[in-house]
Amino acid sequence: MKGLTCFLIWFFLSEAQGFEIPTNELPEFAEYGGLVELAPGKFQLVPENRRYQRSVAGESGETTEDVDQVTLYSYKVQSTITSRMANTIIQAKMVNNSPQPQGVVFDVQIPKGAFISNFSMTVNGMTFTSSIKEKPVGRALYSQARAKGKTAGLVRSKALDMEDFKTEVNILPGVKVQFELHYQEVKWRKLGSYEHRLHLQPGRLAKHLEVDVWIIEPQGLRFLHVPDTFDGHFEGVPVISKGHQKAHVSFKPTVAQQRKCSNCSETAVDGELVVMYDVNREEKAGELEVFNGYFVHFFAPDHMDPIPKNILFVIDVSGSMWGVKMKQTVEAMKTILDDLRTEDQFSVVDFNHNVRAWRNDLVSATKTQVADAKKYIEKIQPHGGTNINEALLRAIFILNEANNLGLLDPNSVSLIILVSDGDPTVGELKLSKIQKNVKQNIQDNISLFSLGIGFDVDYDFLKRLSNDNRGIAHRIYGNQDTSSQLKKFYNQVSTPLLRNIQFNYPHTSVTDVTQNSFHNFFGGSEIVVAGKFDPDKSEQLQGIITATSANTELVLETLAEMDGLEDFLSRDKHADPDFTKKLWAYLTINQLLAERNLAPTAAAKRKITKTILQMSLEHHIVTPLTSMVIENEAGDERMLADSPPQDPSCCSGALYYGSKVSPSSIPSWANPSPTPVIPMPAKGARVLQSTPPPHVIRVENDPHFIIYLPKSQKNICFNIDSEPGKILNLVSDPESGILVNGQLIGAKKPKNEKLSTYFGKLGFYFQSEDMKIEISTETITLRRGSRTSTLSWSDTARVINQRVLVSVKKEKTVTITLDKDTSFSVLLHRVWKKHPINVDFLGIYVPPTNKFSPNVHGLIGQFMREPKIHIFNERPGKDSKKPEATMEVKGQKLTVTRGLQKDYRTDIAFGTEVPCWFVHNSGKGFIDGHYKDYLVPQLYSFLKWP
Ligand SMILES: *[C@@H]1O[C@H](CO)[C@@H](O)[C@H](O)[C@H]1NC(C)=O
Ligand SMILES: *[C@@H]1O[C@H](CO)[C@@H](O)[C@H](O)[C@H]1NC(C)=O
Ligand SMILES: *[C@@H]1O[C@H](CO)[C@@H](O)[C@H](O)[C@H]1NC(C)=O
């Protein structure tokens, strides 16, 4: 009976009817987690046998005599899905048309893992509303109001992935009653689509029956499909309207259409209405949606080569598997083995009281090996006991051994799939000991997925086992459907596309990030990360994902669209403006519940409990630690709805592969930092709003040179693709004794296979003053003869030395001025601490009015003599947004491309965009000679121009 879950409320409103059942004859419900209690004196019990006869929803149908006595005049279900966040309302209105009091039941099924957020009831004009209370508080409130003692009942959930919510009210003749239940859930992507299931069981014909599903997905709908349900009875009744980003599914059968047959009174509406859809994905780095102080990042890359997998199937072949379970398992295993790719390695371990293996080492999934494994599985005769401990340890041993012998591709993932239908009966029996053994042996490099068949298996144990080892567990019935369910479960993990996925956000503006590191990403699923975002700290939000794919290390960047989403949502009356907040709360609470399960100490557990409680009160949702008190306005009639002690991992969906998130695994930079840090210059368009700063020649970023030519009033730009450590000469003017060199540093890792380089250090030499100024991203060092003084970027300071003025603006700029008419500005770009790719770097700005000698040279210096340029034949380029043209310069014709570069002087964070003509190949043709001619050996070496 473990794992059965339901919500149950009984409530009786009748003065004289009914009779009491002695409490000791009642099934003890509390044991199963549900709690049903009665409110004060007025309320009485209706005996078990009569209750169902009169039920309006749920188990009715057997009796016809009572059917017309209670009329269901309206049954409405409304779901709104805003960016995967689904809110559903189920509402039923009934009236007692009979001359006797009647019991009516509101019995609905809601998906496992959904959070109930509201329940209200109106009986004869009296409204009962709900509030969320801590469990003990709820119970205390309830017991104050209770009179006749408690009663209990058990409701069996019909579907494994559904829970029951049930209320019963006894109403007097002529009385109307209305029930309304609200719940929320997050749609997890599985096997390439989202599935929204609505369990419809009005129990009888409804005068007005209406189901609406609104879907609002800013990414756009790739497809939407409503499979035929209810045995094809309602073919053509659901009406689908689908736009680009919105869809509406309406199911409104008339009373005649609801009838099971033309002259029967039974309803055919008894089953699930399913809406399946998927969204478009243009950005590989996922979709970052920011709204109302929260962000959500959806990540589901497609079109990638699968990573090879090392997979061990561990199959229970004990006696209890005999019959249909084994047949179905063999059938599923045959197709699963056929689906393995040749790059995959596998073996099969089967166990009862003994443990056997098809092969004691991993083999490649060639046709012959697969055929052989299939034969082995077909021959299995289930019998005997269950030695789970041994079997798992054997599987882990085979994988580790293969790895230690160097037989595993370093870029592969290792998985164990355990299929079992029972508790251990042989060998180690203590579940906690098995869990410990597995954890100890599995290290951190194998994911364990468990499939529990039927009800004999201790499913909570399988869940703990999998959650503890980067996997998930799933349970199925041991029936005719086992084969396809097993196959479906396997398919979810059969295509690993990425490993070691890490989500990074700037710690300045982002806090309270949900789990942000994942071991694996499987094709067809989706990773969702959420957090709080403070728009006052930064106008934009950037997310950077690092991961390992089959072929390469990936670095993916994305920038949130801010205003677009707000506009889009405000134009739709169904869109939920709280979707980001709800998603964040949903993920956070589920993570906390999982964490609580694995908490090492009682104190740690209490702390987590407190946080969960606060959150469920704040967000008005029923969690396993809260109950819902339902009372009338006067507060003299109360009911209590409790959820059972539920295993939270049921709700974690396909997402929580990956380690559990403990506070320590949230990187420290994800938390607010007391020191202000300038975010890195973000990519992506931002409209110029400040007046453009005066024209200068500048070098920024990956050294991007922007040369302003005053006579032709044009910006020409180019990049220099050199290597870290190299020193480039920028200005070399031996005649007036002025020198500027820059040393390159590299990013932390390559992006799109190219390692970006930046200026990490600049050297200025003023020969006549014997003054050398070295600026790095840490310090500013001034040397004059043998005297040295050092300034830090955290100072604001001015140093005057003869003709040279050095002025430091804290964490921003250093300006060096010589005699008032020659100056240089250096900008500091800080990236967030622990940025996965970028490093701090420097930018340099040189006004074209600087006074140098006529023979000044260097990458920048040469342009103090403005070359004649002629740009003509503007034409569309390969990229439609970037036109091309021909530029005549220094006797050559070059193809140049229109582009944008950034000037960061007025806006250090985002820069202002400067349109320019881009010269390819490290400025070849525009600069004198080749860029390598500008490499110098030392930070203070003059350029020897050939
Ligand atoms: C619960 O639902 C009722 C009826 O729709 C509504 O009046 C009430 O405001 C809701 N409460 C919350 C907290 O959403
Ligand atoms: C419908 O009802 C009529 C009259 O009561 C009866 O003769 C007929 O057989 C019924 N049809 C079906 C399909 O039950
Ligand atoms: C997991 O890591 C351990 C320790 O580094 C190693 O001995 C073992 O072979 C690894 N197993 C697999 C399957 O990679």
Side-chain angles (χ1 to χ4, degrees), residues 9 74 76-80 85 87-93 106 108 114-123 125-133 138 165 167 176-184 307-314 344-347 349 360-363 392-417 437-449 469-471 496 499-500 519-520 548 576-579 581-582 585 615-623 626-633 639 641 659:
I9 300 177
S74 164
K76 272 196 204 171
V77 181
Q78 287 189 358
S79 282
T80 307
M85 185 73 223
N87 297 309
T88 299
I89 301 174
I90 306 177
Q91 189 200 62
K93 293 181 184 173
F106 176 68
V108 293
F115 286 146
I116 288 179
S117 57
N118 196 358
F119 176 69
S120 63
M121 188 172 79
T122 309
V123 184
M126 192 203 292
T127 303
F128 292 74
T129 53
S130 64
S131 55
I132 309 288
K133 300 276 192 266
F165 180 93
T167 313
K176 285 180 191 158
V177 57
Q178 175 186 322
F179 302 98
E180 190 173 302
L181 178 74
H182 299 216
Y183 64 85
Q184 325 173 337
I307 296 176
K309 56 184 180 287
N310 319 303
I311 187 162
L312 260 174
F313 299 95
V314 179
D344 296 337
Q345 303 200 65
F346 79 109
S347 185
V349 168
N360 269 314
D361 40 25
L362 288 175
V363 299
L392 284 175
L393 293 186
R394 173 80 69 92
I396 296 165
F397 177 81
I398 293 175
L399 280 167
N400 284 343
E401 181 86 341
N403 181 59
N404 296 341
L405 292 171
L407 301 174
L408 299 188
D409 180 342
N411 188 23
S412 61
V413 297
S414 298
L415 314 171
I416 292 176
I417 311 245
N437 288 342
V438 169
K439 177 90 185 162
Q440 256 167 19
N441 284 277
I442 215 167
Q443 310 274 356
D444 228 14
N445 44 20
I446 303 172
S447 297
L448 171 60
F449 295 89
N469 296 292
R470 294 164 304 283
R499 298 187 296 129
N500 301 334
H519 285 272
N520 299 311
T548 309
D576 180 359
D578 284 332
F579 81 94
K581 182 180 172 185
K582 285 181 184 167
M615 285 192 67
S616 54
L617 297 179
E618 196 177 312
H619 296 267
H620 207 267
I621 41 191
V622 182
T623 64
T626 40
S627 52
M628 192 164 64
V629 174
I630 297 132
E631 57 190 337
N632 63 358
E633 285 145 37
M639 314 190 279
S659 52

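When a ligand or atom number is given, it counts from 1 through the structure's own listing order. Quantities reported herein were computed from a predicted structural model and do not represent experimental measurements.
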Counting from 1 in the order shown, the ligand 1 atoms closer than 4.0 Å to a non-hydrogen atom of Glu180 are 4 (C), 5 (O)
Using modelled atom types only, decide if a donor and an acceptor are shared between the side chain of [X] and the backbone of [Y] within a distance under 3.5 Å.
X	Y	answer
Gln184	Ile621	no
His620	Ser117	yes
Asp344	Lys309	yes
Asn520	Arg470	no

Side chains of Asn118 and Ser130: any donor to acceptor distance under 3.5 Å? yes
### Message
Any donor-acceptor pair under 3.5 Å linking the side-chain atoms of Ser131 with those of Lys133?
### Response
yes
For [atom], what's the nearest protein heavy-atom neighbour? Residue, atom name and distance, please.
atom	result
atom 2 (O) of ligand 1	Asn118 ND2, 2.2 Å
atom 3 (C) of ligand 3	Asn445 ND2, 3.6 Å
atom 7 (O) of ligand 3	Asn404 OD1, 3.3 Å
atom 4 (C) of ligand 1	Ser120 OG, 3.5 Å

Measure from atom 9 (O) of ligand 1 to the protein's non-hydrogen atoms and state whether any distance is below 4.0 Å. no
Practice item. Indicate yes or no: does an N/O atom of Asn400 lie under 3.5 Å from an N/O atom of ligand 3? Key: yes
Under 4.0 Å from one or more heavy atoms of Ser414, ligand 3 contributes atoms 13 (C)
